[in-house]
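Below you'll find the structure, written out as structure tokens, and then a few comments.
Residue numbers start from 1 in every chain, and the chains themselves are labelled A, B, ... in the order their sequence lines are given, proteins ahead of strands.
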Amino acid sequence: MASVIGAAARSTRPRISALHGLVAGAALLLALWPLVFGNKFLLALATLVALYAIGAASLHLIIRTGHVSFAHAGFMGVAGYVAVLSQMRLGLPFAAALPLGCLAAATVALAIGPLILRVTGKYFVLVTFLFGEILRLVFTEWTAVTGGSNGIFDVPPPAPVFATPLGFYYLALGAAVLCVGIVARILGSEIGRTIDALREAERLAECSGVPVIRWKVAVFVVACALAGVQGVLQAHYLRLIDPTTFSIVESLNLVVMNVIGGMQRLAGALIGALFLTALPELLRGYVEMQRVFFGIILIIVMAALPGGIIEIGARLRALGKAR
Amino acid sequence: MTRALLALIAAATVALACAGAATAQEELKIGAVGSLSGGGTAWGLAIQRGTQMAIDEVNAAGGLKLGDKTYKPRLVMYDDQYTSTGGKTAAERLVNSDGVKFILGPAGSPPALAVIGVTNPAKVIVLSDGYAPAILKNEAKAAYNFRALNSNVEFTPAMIAWLKQNMPEVKKIGLVCTNDAVGQAALPLLIDAYKKAGYEVWSELYDRGTKEFTPLMTRMIAQGVDLFDLNFNAPTEAGLLLKQARQAGYKGRIWQVGGPSVDEIMAVAGPLADGFLSYDVFDFDSPAAAKFVATYHKQWPGIINAQAPAWYNAAKVLFEAMRRAGTTDVDKVRDALEKLDGYDAGLFGPVRWGGMADYGVNHQLLLKFLIVEVKDGKRVTRAELQPEQR
Amino acid sequence: MFTPTLLAQVVVNGLSLGAIYVLVALGFTLLFGIMRVVNFAHGAFAVLGGYALYYLYGQYRLPYILAVPLSALLVAVISLLLERCVFRWFYQKMFQSMIGLLGLNMALVFGSVIIWDTYERAIPPAFNGMLQLGGVILPLDRLMVVAIAAAILALFWLFMSRSRWGLAMRAAAQDVEIAEAQGIDTLSTYRLAFFIAIFMTALAGGLYAQIYALSPFMGDRPLVVAFIAVILGGMGSIPGAALGGLILGFTESFLSTFYGATLSAFVSFGVVILLLIFRPWGLLGTPE
Amino acid sequence: MSRLLETSGLSRSFGGLRAVAGLSFAVAEGEILGLIGPNGAGKTTAINLLSGVIKPNAGRVVFAGEEVTGLPPHHLARKGLVRTFQSTVVYGHRTVRENALRGAFLGLYPGVVPAFLGTLRARARRRETEDRIAELLAWFGLDHLGEAIAGSLPYGRQKSLGMVIALAARPRLLMLDEPVAGLAAEEADQVLETIRRIRQRGVTLIVVDHNMRFISGLCDRLVVLHHGQELAQGTPQQVLADSAVIAAYLGRGHGAA
């Protein structure tokens, strides 16, 4: 799988413009479709997909350093609570509350990152799993500030324009394009190549002068700040914020998105976000069976495509070449 | 099991057929939201089954005649996963995709608050459940949402008054509850109520999902508690708390101002449950209940969740309001609902609305309730109480 | 508050809790230690074990001493099918196994919901009495769990250190290629390890369901407990899982009794995080 | 000649085992120093200590007049202290050219903002580095393999690539960990020649190996390690004549290798 990246990294120069065209076309399509089809439920679903794309893409950034974080939803929560509280208690405008929330998530990441990023592989999974639980416990137990399990409701809309579902969809879409764009740019630049290097051969990269831990912490901090965007927007989307939105289940969801879409590529994270947000909705009609189907689909995808859904593309290409 | 599978296949076929056949004529979609996965599933199924029974009843009688039209109600239900995101998505789908105008459920504050955020602006009637006062006490002055089941605000005062009268020897109350929305919102109110009545209170919260309470029970016994209130604990936790309290050597009284979960407690704790007193919403042994129980067991075996009759009741109340309004127009149905006092759906006696004093709006359905005691493995009714209309 | 009786009670509570945790953690650590599979479906197998015991002991009234091992055996045998169809795809694949088995967990749990509904069932206790020594109380059903945990641990240790199969498993756990070069059939070794792991998980699940309560959602807690106990002791280490389970039991008992449940949760999570940072291979594991 | 690197009393133990104890030596600018000893003598620990991969329990390391004891590898690389690895450590899934570029991180990476924006300066740096890399690859006879996947190269080629990666970081002092281990005699001779040419470019070298013949033909001075301790130090002639060395080294039958 990784060899696919390796080959692509060199020979994409001429293809990049085509890729850009594709991305621009997709963005245009995403921006225009609600004006043509008026289905409000699809709009709500698309808003959720856009929000999850932010979380999944930012988690992908961490995954590219070789660490799979199970605390991502917790960081979203930190940003969400800080933004909502600064808006509702301190009266800050949304435009100030959003970056403040992200800054808070980044600060927590910066405080914990240097400690936990020394731990690798499955141990990192476990550390972050527990850290996520601690964050959830804080949201739940610190009732005076967070409202505890009841959360905080009647969160005001970011601005009157965004109070309508369509307005909010454009806000979420804009944020998603921006955040995913940032991640894509990071990964496509010299920074991304260095990130790949320190994942693939940490010691070698370090001996070539890459301050590995510092880089990992920096990436972790940036990713958590970006995840914060989802946390803040989700609170506004739901008009309330409570610990259930940021539990370990949500973190796990983001990991599943990445793994099922494909951990090697950013596109995998986005495919995963779409797949995992849309699929349960498609199955929702079969009330009792939906989760059974969903479970079986997860097994089949992981067994047949260990590299994620994105592998289908590579397989088809290989098939095409073979002929 | 075979029957369940057959029912499932049938349901899937019907669902597919309906999805294919666009909209059947004169069909009236009744929405439901509830937890069909995760820890709150028992409550979700109570919503689904109670509502389904009321719908079946209407259809068996030839449908719902409103004005010159006859509607065939059909249940459309989505899972809220007991989270706010799930509740919001389910409500969005019901309101915007299925075009539903009437929703039953969800149960539980996080999804209920999220659902109301969608339905109130969209002018959709919701009969929900959840102990957070904000469900009724909101900026929209409840507008289109009603609460179909008593919350602690309704039943606590009457129960404490009964306790004072019947067990004057009790001095110190022990309370243990989950740190979830119910525990954090409702427990402080309960503690206040006890303190106002002159009791000493010791309380402790535990993390949702805990099954082992022996250390906590040891802690409680060391505090010298002489009445242990299982308050708002979910049925299994309530049963385990009782069993482990007894196993840890607790000798005092145990009762539950909340729940209700008498059957589950008897199942989990066996003979240790003897002498346990509880709030109960519904007397399954009463003559009025016999028909309900029989109908229920035709479709589903096993223990009936105590909330199922209340949802059946809520759905019947909704249908009656539609009949009286003579239309499916949401505003007219809502006005009819508010004026429904006195209608008897058969299980809980005449409808009474309340809540003005607590929430500023009379959108709380007041249901009569019981205090029952476990004696020799059987449930015995000690008292029948009514929530105060305020 | 720190009276001798209370302290003794805390120790007894800790032991009985720890015994349950040890039982729950053993199967988990075995699967990880040998196949590098993080069994997210651990809880589902515990649930299946619970329902098996419910039928064999609760409904069909088999003698308890038979019902317990038979129910675990039943689940383990049926699960061999899952080994063939699901697990085999995921051996030695950390993340794919996590997600795939998460899917299996969902399918099994919600399949159970369809078959058995969601309401909680109680498995009648085998013993109802309580052992009272001085002021200290130990319910007999807990005492039995302690005994079973000790017996299983001893048998398992003997099996792993003395039998040919146990040695083969340990060799496969160390290095698959070397083991294969030495003529060990890793696939059947894996199958055996899987069988034993599921047997122990189902057995633990049965006892867990009997002590607490049985429902399709019962398994979440054992999964988390197994996770933490196994991290504490060291992933893949059998004595580690035993030590981790006991420490967890004693800590929870002590902190919950004297300082309350919330603090207990914070402290145990925090301590495990610190341990992972400074000694990720756990108390008794070996660094890689 | 000025001293580029100097260690004194460098020690490290693992558990109870003293892997390196009281190691003291100096490397002069432009010199090739050989660090030899039988397997298990502590050579690899020594190079790990010098490159910062592990930290010493005691002792000092001074590089270019600056104390660098216990500094992490990336810090030392920045100062010009770079190493290769004994086993072939390359980015196996990447092309040869990519590998070399990764090694050139210090010269290539323009800082966060220019890298993120892809500024002109960043592009200019990339072009410069690519030219420099092309030259390095040509030097090692890898230029025609620029697009080959590194992991698929034969062993000897991968070792060369390891050296390219290290040289791409523009070291002042290059430490080679067993550069000829596992190579055929012919290949080893080529490596010998390459190392001499590296020195001609003004790079100081420390070569770690246990092949006495190879190393004594190459190095200006030798440090012999035995059981973690220094056994002898001096020119190859002096060291080969040392009775302790003969006893410890030749007595074990390694000398003929």
Side-chain angles (χ1 to χ4, degrees), chain A residues 38-45 47-48 51-52 73 133 136-137 139-144 146-156 163-165 234-247 249-250 253 277 280-295, chain B residues 4 7-8 11-12 15-16 18-19 32 34 36-38 44-45 48 76-79 81-99 108-111 113-114 116-118 121-122 131-135 138-139 178-185 188 205 207-208:
Chain A
N39 188 325
K40 279 190 188 159
F41 175 67
L42 268 186
L43 196 64
L45 204 59
T47 310
L48 264 187
L51 291 178
Y52 275 110
E133 276 291 279
R136 184 190 61 84
L137 274 177
F139 301 148
T140 311
E141 297 292 338
W142 200 7
T143 41
T146 63
S149 298
N150 289 286
I152 302 164
F153 26 88
D154 293 337
V155 174
T164 64
Q234 202 161 322
H236 286 283
Y237 171 67
L238 293 172
R239 309 271 328 270
L240 71 88
I241 185 164
D242 76 335
T244 57
T245 327
F246 308 112
S247 69
V249 179
E250 288 297 311
N253 254 341
T277 317
E281 297 308 324
L282 297 178
L283 294 176
R284 232 176 242 272
Y286 308 92
V287 175
E288 281 164 323
M289 281 305 274
Q290 57 156 318
R291 297 248 130 191
V292 180
F293 284 148
F294 188 62
Chain B
L8 193 88
L16 278 173
C18 292
L36 296 166
S37 57
L45 288 178
Q48 186 195 28
V76 184
M77 179 160 185
Y78 298 120
D79 181 10
Q81 298 158 333
Y82 203 71
T83 64
S84 5
T85 321
K88 165 123 179 165
T89 313
E92 287 276 4
R93 180 152 185 182
L94 282 174
V95 171
N96 295 323
S97 181
D98 295 311
S109 300
L113 286 167
I116 286 162
V118 176
Y131 282 177
I135 293 170
N138 55 16
E139 58 193 356
T178 50
N179 60 358
D180 66 4
V182 175
Q184 287 185 348
L205 294 178
D207 204 29
R208 200 181 155 84

Original post:
Distance from Leu137(A) atom CG to Asn179(B) atom CG, nearest 0.5 Å?
Top reply: 7.0 Å
Original post:
Relative to chain B, which segment of Leu238(A) carries a heavy atom at a distance below 4.5 Å: side chain, backbone, both, or neither?
Top reply: both
Original post:
Where on Leu48(A) is there a heavy atom nearer than 4.5 Å to chain B: the side chain, the backbone, both, or neither?
Top reply: side chain
Original post:
Can you tell me how far the CG atom of Leu42(A) sits from the CG atom of Asn96(B), to the nearest 0.5 Å?
Top reply: 10.5 Å
Subject >> Which portion of Thr140(A) sits near chain B, non-hydrogen atoms under 4.5 angstrom >> reply: both
Subject >> Interface moiety of Gln234(A) toward chain B, non-hydrogen atoms closer than 4.5 Å >> reply: side chain
Original post:
Going through the checks in order, is the side-chain hydrogen bond (donor to acceptor under 3.5 Å, both in side chains) test met by Asp242(A) and Ser84(B)?
Top reply: CA-CA 8 Å; Asp242(A) 76 335; Ser84(B) 5; 2.7 Å; yes
Original post:
How many angstroms lie between CD in Glu92(B) and OG1 in Thr47(A), if you round to the nearest 0.5 Å?
Top reply: 8.0 Å
